[in-house]
Amino acid sequence: MAIDEGLKSELQKQGIFVLPFEQLYNWGRKSSIWPLQFGLACCAIEMIASAASRYDLARFGAEVFRATPRQADLMIVAGTVTKKMAPQVVRLYNQMPEPKYCIAMGACAISGGPFKDGYNVLKGIDRYIPVDVHIPGCPPRPEALIHAIMTLQRKIANQHLEKGQRPRWYDKNAASEYAIPAFGEHDLQPTANREVWQPPRDYRDVTLEDVKKP
Amino acid sequence: MGFIGKGLFEGMVVTARNFVGSYFDKERLVTVQYPEERVQVPENSRTFPFLVFDKDSDPVASMRCVACKICEVECPPQCIYIVMDRDEKGKPQQRPKVFDIDISVCMQCQICVEVCPFDAIKMDNNYEKSQYGRFDELVEHLPELLKSNEFYNKIKPTEATAVDAKLKADAEKKAKKAAPAAKPAATAAKPAAPAAPKPAPVAAPTAKIAIPDDAPFTPEQRQWLSGYLSTVAASGVAPAAAAPVAGTPAAPATEAPAGNWPWHDPGLGMQRRLDLAKETPIADKLMAAMAQTDCHACGYDCRGYADAIATGAETDLSLCLPGEAETANMLKKLMQEAGKL
Amino acid sequence: MIQPLTDAKPYTLTPGSNGVIETQTLEVSIGPQHPSTHGVFRMDCVLDGESVVALKPVMGYLHRNHEQLAERMAWLGSMPYTDRLDYFNSMTNNWAYALAVEKLAGIKVPDRAEYIRVIMAELTRLLNHSCVIGFMLQDLGAWGTPLLYAFRERERILDLYEAVSGSRMMCNYMRFGGVRVNLTDENLATAKDIATRFPRFLDEFEKLLTNNEVLLARTQRVGVLPKELAINAGISGPMARASGVDYDLRKVDKYGVYGRLEFRVPLGDIGDVYDRYYIRVLEMRESIKILQQALRDIPQGPHIAPEVKLRNFKIPPGDGYGRIEGPKGELGFYLVSDEGGKQPYRYHVRPPSFINLTILEDMCVGHKVADVVVILGSVDIVLGEVDR
Amino acid sequence: MEAIEKIKEIAAQAVPAAKIEIINSTPAAQQPALLVDREHIYAVGKFFKEDPRFQMDFCSCVTAVDYLPKADKSGCIEVVYHLYSVAQKQGPIVLKVRAPRELDQCRVPSLTPLWRACEFQEREAYDLYGVKFDGHPDLRRILMWDEFVDHPMRKDYVPPPDYEWEPTPHDDTLQRAVEEGGIMPPTAREELEKAKKK
C-alpha cells in the first residue's frame, strides 16, 4: 500500500501528514533510544561530554542514561573490554529487553584497539554480542558518537514490520541472550561465541591496481 | 552568617541565573547544534592518517610514499600494513602496492606522521566514520587513503604550506647539488651507453617515442623527455645523436648528489647497482646494496649507514627497511666476502 | 566468583542475650557496572542494616596491560599509551613519563618547553579538579548540575588542547626533551583568556556548593582520614593534603620550573570529604596563580631539545624513578633499561589513585552505605590508572 | 641526604647481620639502590623508617622486576621499594631484595606491616610476578581474576592462543596465528599454510 509521493507532499503542505504505520512506529522508536549508563574507559568520558551541555545528546532523544539495563535500549560499549569485564558486559546485554542495540565506541571496543595485544584485553566485544554500529577513533569525538547514533537511527528507520523482513527479535523463539563466557585458568572459556563472531574474508587484496581504476 | 538554607538559596540563584542567562548570554549558550552546525575544528586536529599525492592527473605516480615502512615499524598499535610494489622482474618500484590502515585499531597518535621523512602520510580531520560493519568498512586501503595535496592544503593550510616550501627547497637543493656533477657524470655515463635506452628509430613524426620502463627517470623527467624526444623526432633532426646526449646521461646526473655515486638511484635494480659499484671500495658496494631512498629508517642516510657498517660502528645489518630481506642478505654476503663477518 | 567476606549469621527476630534484636549481615556488591563507581570498579560491602561493616575493593576490570605492552615497544611508542592511563589528565601523564625518561637519559629541557609544560599541567589540574567535584556531587545526588558546569569549562580547556596538540583528550603532546609543537601567540592568548575567566567560574561554582547545607550535612565528618595513616598508606595529592600532610612534589622536588613560581600549598585539618572537596577548590585557585605567572614569564626559544632523536632513541642500562605531582597525586614511572636500551626492560607506573584506594575500607567502615559512594567520589579515582 | 656509601654504612651498623650491597642506577638518574638480603629487608626497612636521621615514613613505589637467567648470571625476581621522607622532605632511598624465579621459592618478607602503602602494590607484584610476601595480611590476586593461574608479567609468560584475524597482521603475528589455530578467514589460512610448506 504505497501512497503517492505527490499527494503526500501536497497534503503535508496543508499540515496533514500521511505515513505508513511502520514509519510512525520506527520514528517513535528511533527518537527515544535510551542508552545504558555504563562506561568502561576513556571513551566513556567523551560519552559524558556528548551528553553534557555542549553537544547535548538530548536533541536526539538519547540523553536518558538508565542506570539499569532493564530500562535501556542501547548499550554503548565505551572503552576497553577486558577479559575480566567481558562476562559482565555480556550479562548486562542479556538483561536488556528487546529490541536492543549495541554501539561499539572506540577502537578498544571494536577490536581491542591499541591494547589488542594485551593478555587481559578482549579483541572486540563482537566476539560475544552482535554490534550494530562501530565508531572508530581513540577516543571518537562527541560528534562522532552523535553521528553513530544518527547512523543507528537510520538503521532503525529502515526496519520493516512485514513478515519475512522483520528483525530478529520479532520472532518469539529467537535468541535474545548470549552465552556468558566463564573465567578459565588461562583465558575466558570459550574465547569467542562462534554463533556471533565469524571470521571475515581476507582483506589483503586491495592493491595499487584499484587506485588506477576509474 | 545568615539564615538556615542560605547556601541552598544561593545555589538556586546561581542555577536560575544560568537558566535565564542561557537565553541572552552567548557565554552560557554553549550547545552546538550538530549536525546542522559544527565546531570549527582547529587546524592541528587529527583523526586518521591519509597518504598525500601531488598531481590529480596521476595519483599513483605522484604518490609521495616510497614504501620505506618506517611508519609500519614505528606504529605503536601496529595497524599499518605495507607491501612494496615490484615489477615483473621483482624490482622495487619505490611505492606501495598495498597500503592498509586498520582504523578500528588506530589510536590517532600521529607517530606515523612524525617519523615519515617524505611528508607522505598526514592526519585527516574527518571524524564521521561510523559504520555498520567492522572489517569491510573500517579497513582503509590505497584508494581511500590517497588524497591530493590540494586537500591537504585545504584542511591544514599552515602546515601544508610549510611542507610544500620544505619539499620545494629540498628539490632545489638536490638539483643544485646535481648540477656541478652533471658534466663528469655525463662523460662517465657514456661507456654505460649500451645499457641506456636505444633511441627510437626515425619513424613517422607522430610516433610515440618509447622510453623503457626501467629507465631511471622521475615522472617529470619522463614527461619532459618524451616531449623533447617527440619534438626532436617531429623536427626531423636525427635523434640517434641527440637522444643519448640530451636524455640518458642527464638522468643519473640529476639523481646523483655531490658524491657522484652512479648507483645512488632508487630506480635501478639491485644487480645493476652492484654492477655500477663493482670496482669500488667495500663501503660503496655496501651502499649500492641499500634501497637508495635516503629514508633514514636505519638512523642514517644510505651513505652513512654504509660507512657505519664498513667501519664497524653499526653491527645490525637488517636496518634497511625499504630494501627488505634482499638488502639484508646482500649486506651479509658482501661483508662475508670482505671477510669482515 | 564472589567470595563471602563474613560468615552469614542466622536471621532471627528473637531478642538476643542482651535484649538486642540480632540481624543478619548482608553482602552487597557495588559495581563493576554502577553509576557512581567512576568506571568499572567494584566494592564488596558487608552491611549491617545500612552501616558498613567491611568493604573490600575489587579491581582489575580495566587492567589492559599497559606495562607489558610498553615493554614491547620503543621508548617513544609508550607516550601515546600514557595518555590513556588517567584519561582526564593526559598532559600530566605525558610529563611524568617524559620526566622519567629525561632523568634516565640525562636530557636537559629548554626553558620554554618547561614553561609550556607547566601551563599545560596547571590547565589539566583545573580541568581534573572541576570535573572531580562535578562527579562527586553527582554521587551525592546533585544529578547533573555541577557536572554540567564543570564540563562546560572543561570544553574550553579541551579546545585549547586540541588547537595545540591535535586531540581533545589523548594529547600525546610531550616529547623527550620538550614538547611536540610550539605554542603560538594565539594559543597563549587563549590560555590567558582561560586563566582570567576561570576564577569567575570558580566563584559561581563555590556559591553553588561550598555553603550548601545539603553538601555540608553529607560531607562533613564523613570518611575522615587521619594524618598518620595518610602518610603511612602512601596517600598523595589533594587527598593527603586534605588530611594536613604538607607534601607537594612541586614544592619538594621543584621539578620543571616550579622552583621559580610562587604559590601556596593549601592544607586541610580534618581530612573528611568536605576538606577534600575544598582543598581542590583552593588548589584550583593556586593553579590559576601559577598559570598567570607562567604565562607572564614564558621565554622565547626552542620548544624541544634539538639533540634528542625521535627514532632509535636509546638509554644506557640502569634504572630510575621519576615522579611529578599529578592532579590526583604522585604519579611516578619506574623504568629499567637493559643492554640494548631501545625499549624499556621494565616499565612500571606508580598510579596515585590506585594507592589512594588502599585506605578506602578504613574510611568507609562505620558509615552508611550511601556515604560509601561519596567517599569513593572524594578519593578521585580513574580506573585507567588504577588498573593500568 | 648523605651519599649512598654513608647510608649503607649507617644501615650496616644498625643491622649488623644484614648483607647490603650498592647497585648503581643509570648514571644520569643518580638513584643508587641498596640490595638487602631477604632475611634482613624487614629490619633494614624498619631502621630507615624509625631512625631520626632518615624518617622514611612514605613508601612511594613498590614493584617487581623479572630478570631472566643469562649466560653469565642466574635469573631472579627483584622487588624494589622507593622510600621517601615526608617529615624531612628527602629521598629517595631505594631498597631492593631478590628472590629466585622458581614459583615455590619466590618469597620475600612483606613490608606492609611497616607501610600500609605496600598492601596493594605487593598484591599486584604477587598477581603479576608470583612473588609471595610473607606476613602480608591479605595476599590475593588484585588485577586478574581469582581463577587465573599464571603470572603474566613474567618475561617467560606465554599468552593464551586467542589470535583473531587482523587486517594488518605482520608476518610473525601470522606465523604465530597459524601455529595456534586462531580465528581467521579460510583463504588466509590456506595461503599461510601453503607458504609454510614452501
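All chains are named by letter (A, B, ...) in the order of the sequence lines, taking the proteins before the strands, and each is independently numbered beginning at 1.
Scanning all heavy atoms of the two residues, the minimum distance from C:Tyr247 to D:Ser85 falls at CE1-O, 4.1 Å.
Residue D:Ile23: no heavy atom, backbone or side chain, is found under 4.5 Å from chain C. At a 4.5 Å heavy-atom cutoff, C:Leu62 makes no contact with chain D through either its backbone or its side chain. For a residue to count as touching a neighbouring chain, one of its non-hydrogen atoms must lie under 4.5 Å from one of that chain's; by this rule D:Val62 touches chain C with the backbone only. Looking at C:Leu229, the atoms closer than 4.5 Å to chain D (heavy atoms on both sides) all sit in the side chain, from C-beta outward. Of the two parts of C:Ala240, neither the backbone nor the side chain holds a non-hydrogen atom closer than 4.5 Å to a non-hydrogen atom of chain D. Of the atoms belonging to D:Tyr67, heavy atoms from both backbone and side chain fall under 4.5 Å from chain C. If you measure heavy-atom distances from C:Tyr334 to chain D, the contacts under 4.5 Å come from the side chain alone.
Residues C:Met59 and D:Glu124 are not in side-chain contact: their nearest non-hydrogen atoms beyond the backbone lie 4.5 Å or more apart. Residues C:Tyr345 and D:Val65 meet the side-chain proximity criterion, which asks for heavy atoms closer than 4.5 Å. Counting only heavy atoms from C-beta outward, the side chains of D:Leu143 and C:Tyr61 never approach each other to under 4.5 Å. Between D:Phe120 and C:Leu357 there is a side-chain heavy-atom pair separated by less than 4.5 Å. Contact of the D:Gln30 side chain with the C:Lys103 side chain is not registered, since no non-hydrogen atoms from C-beta on lie closer than 4.5 Å. Proximity of D:Trp145 to C:His63: side-chain heavy atoms (C-beta onward) are nowhere separated by under 4.5 Å.
In terms of modelled atom types and a separation under 3.5 Å, the side chain of C:Arg350 and the main chain of D:Ser60 share a donor-acceptor contact. Under the 3.5 Å distance criterion, the side-chain polar atoms of C:Asn232 are matched with a main-chain donor or acceptor of D:Leu114. No donor-acceptor pair closer than 3.5 Å links the side chain of D:Gln31 to the backbone N or O of C:Asp319.
Ranked by non-hydrogen atom pairs under 4.5 Å with chain C, the options D:Pro92, D:Ala64, D:Cys118 are led by D:Ala64. Heavy-atom pairs under 4.5 Å with chain C peak, among D:Lys49, D:Met144, D:Gln90, D:His82, at D:His82. Of the residues considered (D:Pro152, D:Ala87, D:Cys61), D:Cys61 shows the highest number of contacts with chain C, using heavy-atom pairs under 4.5 Å.
Using a 4.0 Å cut-off between charged nitrogen and carboxylate oxygen, C:Arg346 and D:Asp66 do not count as a salt-bridge pair. A salt bridge is defined here as a Lys NZ or Arg NE, NH1 or NH2 lying under 4.0 Å from an Asp or Glu carboxylate O, and D:Lys89 with C:Asp248 fails to meet this definition.
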